[in-house]
Amino acid sequence: MPSRVDGAPTGSPSPSPSSALFRALPLRHLDEHLAVIDKPAGLLVHRTAIDAHEEDAALQRLRDQLGRPVWPAHRLDRGTSGVLVFALSAEVASLLGVALAERRTHKRYLALVRGWPAADAGVIDHPLARDPELPSAGQPHLDAQTEWTCLRRHEVPVSTDPRFPTTRLALLACEPVQGRRHQIRRHLKHLAHPIVGDANHGKGPLNRALAAHFGLQRLWLHAQRLTLTHPITGAALELDAPPGPEWAPFL
């Protein structure tokens, strides 16, 4: 049954770099080969030329926290929260890179999207241009499939369209088969259910109205689970990051 969400979720925007630099990252797993964190929304994985002014990043923060070099095994968008794996050696980073490239891992995300999907589950099978930052025309398009399940439907008392007094939202579980760049964000836009808070693939007026209602501006995408085989021990790892308190009204 759809539920009505009247109150704002608990939680607050990501801290400013000046305060965040000294905050320890929540560890979900740590051994001599791997460190797995629950990345906060709004935190870069590593410093980039695109965000040259930004001093805070997960790689540098975890390196300082552990007192040793770390290598990111994969990427999460800055706005995405959740499971992020770091290798503690270049050798392990290489092994993890091969496992990811050969799809020997499994990822599950939570996404809060605009609208109610007509079905309860489905597969988005839609090739994606290699580089989402460039025009699609003229680029090679790569196979991409995302499995999704609608977990709950909600209605919030906010009008983001003059035709309707409320706004419909849905909580989806998404499992990308490949892991193309921005795959889930681009696929959900293709499905006509963009992720709330997605500045690139969503609608600005809707995002701003909902951010004001919730008292929180973020990309509502969370990497909830990553399963993989430990590259050294061969043990099966199921790495989970529970969604933050801001997700509570939708779960």
Side-chain angles (χ1 to χ4, degrees), residues 9-12 14 20 23-46 57-59 61-62 65-66 70-88 92-93 95-97 99-113 121 145-152 154 170-179 182-185 187-188 195-197 216 218-251:
T10 58
S12 59
S14 299
R23 290 182 55 188
L25 291 165
L27 285 166
R28 306 303 301 170
H29 175 90
L30 178 64
D31 61 38
E32 59 183 308
H33 305 290
L34 299 176
V36 182
I37 67 167
D38 181 355
K39 186 186 85 67
L43 181 67
L44 290 170
V45 173
H46 56 79
L59 186 152
R61 211 194 287 190
L62 184 62
Q65 184 174 330
L66 299 180
V70 297
W71 288 257
H74 60 111
R75 300 288 189 270
L76 291 178
D77 294 339
R78 181 176 187 163
T80 305
S81 55
V83 175
L84 181 63
V85 180
F86 287 86
L88 301 184
V92 171
L95 293 172
L96 285 171
L100 287 160
E102 295 181 351
R103 304 178 195 169
R104 289 187 274 116
T105 63
H106 184 265
K107 300 176 183 179
R108 183 181 195 265
Y109 291 77
L110 292 178
L112 185 68
V113 304
Q145 296 86 36
T146 300
E147 301 173 0
W148 62 271
T149 302
C150 184
L151 302 178
R152 293 192 67 183
H154 298 278
L171 182 68
L172 306 185
C174 298
E175 299 178 0
V177 176
Q178 289 84 7
H182 298 179
Q183 177 169 325
I184 294 176
R185 295 168 61 183
H187 268 175
L188 290 176
I195 298 174
V196 175
L216 176 65
R218 64 157 294 172
L219 174 69
W220 288 83
L221 181 63
H222 178 74
Q224 184 182 29
R225 180 174 300 130
L226 173 63
T227 58
L228 55 85
T229 300
H230 195 292
I232 301 299
T233 68
L237 295 180
E238 186 171 287
L239 307 165
D240 290 285
E246 70 270 24
W247 290 86
F250 307 108
L251 296 174

Just how far is it from atom [atom1] of [X] to atom [atom2] of [Y], taken to the nearest 0.5 Å?
X      : Y      : atom1 : atom2 : answer
Leu110 : Ile195 : CG    : CD1   : 10.5 Å
Leu112 : Leu219 : CG    : CG    : 10.0 Å
Trp148 : Leu188 : CH2   : CG    : 9.0 Å
Arg104 : Leu228 : CZ    : CG    : 10.0 Å
Thr105 : Leu239 : OG1   : CG    : 10.5 Å
Ile184 : Thr146 : CD1   : OG1   : 6.0 Å

Identify the two heavy atoms, one from [X] and one from [Y], that lie closest to each other, and give their separation to 0.1 Å.
X      : Y      : value
Ala241 : Ala223 : CB-O, 4.1 Å
Leu43  : Arg61  : CD1-NH2, 3.4 Å
Gly82  : Leu76  : O-CD1, 3.8 Å
Leu96  : Leu34  : CD1-CD2, 3.5 Å

Side chain of [X], backbone of [Y]: donor and acceptor closer than 3.5 Å?
X      : Y      : result
Gln183 : Pro176 : no
His230 : Leu237 : no
Gln178 : Gln145 : yes
Arg75  : Arg78  : no
His154 : Phe250 : yes
His182 : Asp77  : no
Arg28  : Asp240 : yes

Considering only heavy atoms from C-beta outward, does the side chain of Leu88 approach that of Glu32 to under 4.5 Å?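 They are not in side-chain contact.
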Does the side chain of His106 pick up a donor-acceptor pair with the side chain of Arg225 at under 3.5 Å?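 Arg225 and His106 do not have a side-chain donor-acceptor pair below 3.5 Å.
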Taking atom CD of Glu102 as the centre, report whether more than 12 heavy atoms of other residues, nucleotides or ligands fall under 6.0 Å from it.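 Counting other residues, nucleotides and ligands, CD of Glu102 exceeds 12 neighbours.
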Run the side-chain hydrogen bond (donor to acceptor under 3.5 Å, both in side chains) test against Asp38 and tell me which residues pass, sequence neighbours left out.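 Here no residue qualifies.
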